[in-house]
Novice: 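The structure that follows is given in the form of structure tokens.
To find a chain, count down the sequence lines: A is the first, B the second, and so on, and within it residues start at 1.
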Number of protein chains: 2
Amino acid sequence: MPLPQTEQPGRLQAELMSRGVRMTRQRRTILSVVETAQQHLDASQLLRKARRIDPEIDRVTVYRTLKLLKRHGLVDELDLMHLQGEKHFYERRPQRDHLHMACLRCGKILEFESNLFDRLKGQIQRECQFHILVTRMEIGGYCSQCRATGPA
Amino acid sequence: MPLPQTEQPGRLQAELMSRGVRMTRQRRTILSVVETAQQHLDASQLLRKARRIDPEIDRVTVYRTLKLLKRHGLVDELDLMHLQGEKHFYERRPQRDHLHMACLRCGKILEFESNLFDRLKGQIQRECQFHILVTRMEIGGYCSQCRATGPA
DNA sequence: GCATAATTGATACTCGGTTGCAACTAGCAT
DNA sequence: ATGCTAGTTGCAACCGAGTATCAATTATGC
């Protein structure tokens with residue numbers, strides 16, 4: 001599931017610094033991993049990739065940096081329907097929100113943007129007077145290939 | 001957040017038995033707690049309530065019964081934006097799907113049904129050829145009261 | 001009733017994530 | 001450049017949700 005890489009590198013770092021967040025060697029490393037990721041990574045995958053750049057990085061620092069990014073709304077946290085246990089996955093928050101479909105058979109993750117999705121969020125803000133900060137829509141089922149072959 | 005209680009009691013039990021699932025004293029107790037719950041419960045709250053009826057029930061049995069109900073599509077699992085740690089919450093699967101809004105300030109959970117939501121799911125089934133089994137849409141933000149008082 | 005396959009409860013364990021704290025350091029002021 | 005200090009790091013110990021194992025128990029079909 002290659003994510004569209006419309007981000008220039010260093011964007012996360014610049015964004016955090018502009019908000020007065022202190023930039024450490026470890027954070028720079030972790031941010032670069034998040035930015036260059038080609039798929040959704042969980043904390044332990046992130047740690048492994050970060051350690052290939054800086055072997056001294058501790059897992060606690062990864063968790064703390066992810067929390068920081070979440071707090072600043074720069075990454076979104078995904079559960080991907082708990083397809084792989086209780087891990088959480090992370091992705092750079094995109095320009096336009098999308099939803100995730102998880103195939104319960106082959107484990108593939110698909111993304112989907114939709115006007116209806118955007119309109120639904122608009123409706124909620126209006127009708128419920130709810131100020132939306134984060135959205136997470138995940139769907140579990142069978143992808144086109146797996147449904148063709150019949151349920152496992 | 002009182003859930004609409006349009007269910008007659010014993011419905012879950014009947015549903016499971018009709019599918020050939022063995023009905024034990026413990027299961028009956030847990031099912032009755034799920035059915036009469038007035039809000040979203042997590043596993044440990046469920047255990048506590050079940051133990052008020054049958055003090056011998058073990059937490060493992062609660063977990064196993066929840067897994068059973070999920071497998072049969074009779075309850076939905078919610079994360080409620082991880083507002084309260086990594087717990088999962090459960091609710092009887094409703095006639096018509098709804099989404100959940102979690103107020104990140106006061107912790108209130110709101111539910112919302114919408115034609116746009118239904119249409120969005122239809123669009124996904126059609127355009128992505130994805131066979132939907134479970135849907136989970138959760139929104140984090142500020143409810144009308146909390147946004148009026150300004151962010152915490 | 002009986003047989004038997006499924007279920008239960010106890011215990012130990014896994015795993016994702018957090019806390020407390022002493023050592024370190026980014027970033028500012030001088 | 002140097003020093004100061006609040007913010008950050010790494011370590012180790014911890015927490016809590018959920019799972020595996022297995023002997024003892026029990027629901028259900030005959």
Novice: Mind calculating the distance between CZ (A/Arg48) and P (C/dC15) to the nearest angstrom?
Specialist: 13 Å
Novice: When the distance from CD of B/Glu86 to C1' of C/dC15 is rounded to whole Å, what number comes out?
Specialist: 12 Å
Novice: Decide yes or no for A/Tyr142 and A/Arg105: does some side-chain heavy atom of the first lie under 4.5 Å from some side-chain heavy atom of the second?
Specialist: yes
Novice: Nearest whole Å is fine: how far is C/dA26 C1' from A/Arg19 CZ?
Specialist: 20 Å
Novice: Does either side chain, that of A/Lys87 or that of A/Gln45, offer a donor lying less than 3.5 Å from an acceptor on the other one?
Specialist: no
Novice: Expressed as a whole number of angstroms, how long is the span from A/Leu83:CG to C/dG16:P?
Specialist: 15 Å
Novice: How long is the line joining CG of A/Leu47 and C1' of D/dT9, in whole Å?
Specialist: 14 Å
Novice: CD of A/Gln84 versus C1' of C/dG16: gap in Å, rounded?
Specialist: 14 Å
Novice: Write down the distance between CD1 (A/Ile57) and C1' (D/dT9), rounded to a whole number of angstrom.
Specialist: 10 Å
Novice: Under 4.0 Å between a side-chain nitrogen and a carboxylate oxygen: does that hold for B/Arg136 and B/Asp79?
Specialist: yes
Novice: Taking the side chain as every heavy atom from C-beta outward, state whether A/Arg59 and A/Ser44 have any atom pair closer than 4.5 Å.
Specialist: no
Novice: Which pair of heavy atoms, one from B/Ser144 and one from A/Cys128, lies closest together, and at what distance?
Specialist: CB-O, 4.2 Å
Novice: Among residues at least two apart in sequence or on other chains, which ones pass ring pair (Phe, Tyr, Trp, His ring centres under 6.0 Å) with B/His82?
Specialist: A/His88
Novice: Give the residues of residues 58-72 of chain A touching DNA chain C, defined as any heavy atom closer than 4.0 Å, sorted by residue number.
Specialist: A/Arg59, A/Val60, A/Tyr63, A/Arg64, A/Lys67
Novice: Nearest 0.5 Å, what's the OG1-CG distance between A/Thr65 and A/Leu46?
Specialist: 8.5 Å
Novice: Does a donor on one side chain and an acceptor on the other come within less than 3.5 Å for B/His100 and B/Glu138?
Specialist: no
Novice: Return the value, rounded to whole Å, for the distance between atom CD1 of A/Ile30 and atom P of D/dT8.
Specialist: 13 Å
Novice: Under a 4.0 Å N-O cut-off, is there an ion pair linking B/Lys70 with B/Glu77?
Specialist: yes
Novice: Reading DNA chain D from 5' onward, which residue's closest nucleotide shows up sooner: B/His88 or A/Arg27?
Specialist: A/Arg27
Novice: Can you give one letter per nucleotide of nucleotides 23-30 of chain D, 5' to 3': B if a protein heavy atom sits under 4.0 Å from the base, S if only from the sugar-phosphate, - if neither?
Specialist: ---BBS--
